[in-house]
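Scroll down for the structure; my scribbles are underneath it.
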Amino acid sequence: MSTTLLDTLRQRVPELKTEDNTSTPAAGCTATHVCTTADIPAIAEVFKQAGYCLEMLTCLDMRADGGIFRLVYHFSRADVPDRHRFLADVEPGHEPPTAALLFESANWYEREVYDMYGVRFAGHPDMTRILTEEGADYHPLLKDFGVAHPTDEGNGNA
Amino acid sequence: MPRDFVDIFGNPWLAAAAAIAVIMGFLSLNALMLIWMERKVSARMQRRMGPTERGPFGLLQTMFDMIKLLGKELITPTHVSRKLYLSAPVLMFVPIVAICSLFPLSENWVFHKYDIALVLVLAFSSMSILGIFAAGWGSNNKYSLLGAIRSILQNIAYEVPLILAVLAVVLVARSLSLYEIAMEQSPIPYILFQPLAAVIFFIAATAETNRAPFDIPEAESELIGGFHTEYSGMRFGMFFFAEYSNMVIVCALATILFLGGWHGPVLPGVVWFLIKVYALIFIMMWFRWTFPRLRFDQLLKFSWLLLVPLAVANLLVTALVLKLL
Amino acid sequence: MPELIHVGRDEDRDTYYLNMGPQHPSTHGVLRLRLLLKGEEILEAEPIVGYSHRAHEKMAENRNYIQFLPNTSRIDYLSGMIYNIGYCQAVERILGLEVPERAEYIRIICCELNRISSHLLWYGTLLMDLGGFTPFLYCWDDRENILDILDEVTGSRLTYCYGRFGGVTMDVNDEFLQNTLDFCKRFRERLPEYETLVTENIIFQNRCKDVGVFDQELAQDFALTGPILRAMGHKRDVRRDEPYGIYDKFDFDIPTLNGADTFDRFLIRVEEMHQSLSIVEQAVSRIPDGPVMAPKVPRKIKPPKGEYYFAVESARGHFGMFIVSDGTEIPYRIHLRTPSFANLSSLRSVLRGTMIADTVAILGSIDIVLPEIDR
Amino acid sequence: MQSLLDIPRGARSLLKGMGVTIRHFFRKPVTVEYPRKRAPVAKAHRNAIVLIEKDDIGSHNCIACLQCEKICPSACISITGSRPDGIAFKRPDKFDVDFALCSDCGLCLDVCPTDTLGYSEVYDAAGYSRADSKFDLLEAWRDKEGEALGTLRERERKKKEEREAKRKAAEEAKAKAAAKEKAEGKEDDKTGNGTAAS
């Protein structure tokens, strides 16, 4: 079954680089794919037809090497243990398209990524913060967000 | 014929003052006892201890609570419409004292000789709803407003089956005076003649006092405090006081109408009366600590679609049977 | 006097906003539900979260792998053991560390006891939200037994830090095993009592049947997991689909119903308590002797560079840890995919058209824990 | 709401529910009046950490290696140590733990090389300010410190003597072995040099 899925996937997104992870169980997914943010909606549509759900969407702050944010999408199947990981790099200043129109769970995931990393998603119905308080101007999970190492004296207790 | 306070004290004003003193004394003592009893019963049913700190078995605990409540500051929030907000506790409490004066105490003691006491009881009991509504609407807070609206709909819905059930008893006793109804039941209490009316009356009575499965006006888990969210200090105490006095009145009414008031084999009349009243109160508490809460629309449907038709049917059957006898 | 009723979206009907929370007796934590109401009927519901955000993921980027252990059981403090042991298993699978047989059995017993204690707390709070206060305290009585049993061996009652990479900190003695068996027997006798008091109660059934029905495409749309998904007919459980630890050595079945309403979610969790009890009994009867820590555990945990994902079945659903390691001792990124984050977002479409009293029932039946949503 | 057939079934379920609560009404309560009587605490319960006595020294055996300070995730342990004369290990001068931050994870007990950290019986310590939660673990051992140093120095001296004795014994053994070898060497020459000198 998943082979036909991969074929339809490759038709929609030709330059998709796939790497099979069934041999390394620690990776936790059957295949990792690298794609660009532009084809995320197409990928989401393919997986929606195939009955997958968007299980997880998060972001990695890769500005140190390569100056980009990397979005990580996990599509997982309801009855058979099959999970696909998609890595999509976001060029600075460019807003990746939203997947919230296809998968409702993406709505809150993308709001959390914006809240933590500042990456805005184009077309998102309600692009606001979800976890930190309103009116906050910082994005906590950025690597350069100032934080004292726990062993320093001034770690916040009086 | 029973003697009443006017015979004892001569002029009626003195009699009225004495009656009010007796009633207030009984009600306040009773409220303290009931609050303690409710906490002990609920504790035991939940395998807990209940109050044990103050006094033997924690008997004085409610006294200490009352003193604490008296000491608390009476906060009147600014966003509140003062007239309604301040009048609510009084409005709730006045009808209760009025109803109490209608009850016959025992075979030869009555506050005042009435011959249509039952009509007055039902009239006054529907007045206490005004207090709840004034509290809910006056506090001008969304949760209280919801509580107020709910309490009105509920009281209207459960007033009808209450009256129908009482009517069935009136048909059997052919009298509206509580004293005569009680006297009629010397050999056999009416509950044996009117079992369905007794059940309907008791269910409607629990709903009337906003207790047990029908306590949606002040449903803690949904409306936080319902109509008494904004009250503090002794005003909040007054609502508690009114609730427990309401309970006693309704149970007293039930004992007089169905369990034959003070009739009982060996003990004196008043003791039997109190035993039956407190047994019914125990059942009410038992309801509260066993059942979850009905949803608002289910509660109304339960009354209109089930209790009212049953009560009417019961009334018709009673009338038919009496006609044939 | 502030105007109480303001005209909402539809001009002709008087609608108003009501904030259920963040301080509310039945929101199971600090959650604010912004409801657009017409009378008692809900037109629109927007859960607002973030009140107990403690930045666990940021802490993960400032501590080495061992120091993140106490955080794991504080993400979802009701299934603290499952999260703690799950994190240990995730790092063990990355390092390829073998855990001795006895430690695996102890982990299974503690995780399943933790699942029962979490379900008991859910059971009590759901009943309290519906107005029945007594079952809440009966659940507390049973749950207290579990907490005492686990306290004997792990040292804490709720936020366990019992697992280490390669096994568990303390071995289990016969007294612990005997206490567990006694608990299982006593709890099996108590369950019929709950049955008569709650499940068969006509008022409870009316409050729960056909209330908050999830329609089928919500499962895929909101990536629902856990008892909510199983109440919609999907036989999905991480212990069975992606087996970890030694769950494949035990025979337990995954209860599923297809009513997808509050009552079915209730029955699913009660049945899950039965299943967990049987797992615990099987584990206690077959526990081997031997060490509880792997012989050779590296002093410094430095997982090889790469992205890893590991999921466990917590009491609320699929909890996954996405660990990105850059080869050093400090993890580059740990993303915690918590089940209630997805489950709660489904409230937005479920609550339309229900009444306030139903919101409380549906919220109780979804069994969310706010700190797990806010992380 | 529900059909009329449901009334008997519903009423029966309500009555059976009431039967359950009334049965519990007559059973013994399971709660304990906390301040007056206290429920037994599990032996392994992780209370506040404390320096425990190592029997042979008569005091704690902390060597101020700062392992627990490094491993503590919430950085609530702060230690300064110095080496008293005549002893190979350090002894702590300051061992403060801020129990407002401690998360009872037990990592400090795992890494302690001399296993001198343990759990105390204190589980309900409370205070009015954050400063009240800072405990000085050396306070209990302040008076026993002198005596402990004495035993440690004495143990150190004994160990030094043993080392000398062992070294001397090793030298004699080497000397004897060398002497024996010379003796065998002479015999090999006499019995012919077929075998190569090893």
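Sequence lines set the chain letters: A, B, ... in the order given, protein chains first and strands last, and positions in each chain run from 1. Keep in mind it's a predicted model, so treat the numbers as computed, not measured.
- Among residues 15-27 of chain D, the residues having any heavy atom closer than 4.5 Å to a heavy atom of chain C are, in sequence order, D/K16, D/G17, D/V20, D/T21, D/R23, D/H24, D/R27.
- Other residues, nucleotides and ligands contribute over 12 non-hydrogen atoms within 6.0 Å of the CD atom of D/E164.
- Checked against C/Y123 for a ring pair (Phe, Tyr, Trp, His ring centres under 6.0 Å), the options C/Y138, C/Y194, C/F136 give a single hit: C/Y194.
- C/Y87 meets the ring pair (Phe, Tyr, Trp, His ring centres under 6.0 Å) test with C/F68, C/F165; sequence neighbours excluded.
- Side-chain contact check for C/V172 versus C/R102: some heavy-atom pair is nearer than 4.5 Å.
- Only the backbone of C/T154 has a heavy atom closer than 4.5 Å to any heavy atom of chain D.
- At a 4.5 Å heavy-atom cutoff, D/N47 makes no contact with chain C through either its backbone or its side chain.
- Open room surrounds NZ on D/K160; 12 or fewer heavy atoms of other groups in view lie less than 6.0 Å from it.
- Within 6.0 Å of the CD atom in C/E189, the count of heavy atoms belonging to other residues, nucleotides or ligands exceeds 12.
- Looking at C/M170, the atoms closer than 4.5 Å to chain D (heavy atoms on both sides) all sit in the side chain, from C-beta outward.
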Let's go through C/D141 and C/R190 carefully: what are the C-alpha distance in whole Å and the side-chain angles of both, what is the deciding distance for side chain to side chain contact (heavy atoms under 4.5 Å, CB included) to 0.1 Å, and is it a yes or a no?
CA-CA 11 Å; C/D141 181 12; C/R190 281 281 290 256; 3.4 Å; yes
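- Taking the side chain as every heavy atom from C-beta outward, D/P113 and D/I63 approach each other to under 4.5 Å.
- With a threshold of 4.5 angstrom between heavy atoms, C/Q205 approaches chain D through side-chain atoms but not through N, CA, C or O.
- For a residue to count as touching a neighbouring chain, one of its non-hydrogen atoms must lie under 4.5 Å from one of that chain's; by this rule D/L107 touches chain C with backbone and side chain alike.
- At a cut-off of 3.5 Å, with distance as the only test, a side-chain donor of C/N84 or C/T72 sits close to an acceptor on the other residue.
- Contacts with chain D were tallied for C/V153, C/D151, C/T196, C/L197; C/D151 has the most, counting heavy-atom pairs under 4.5 Å.
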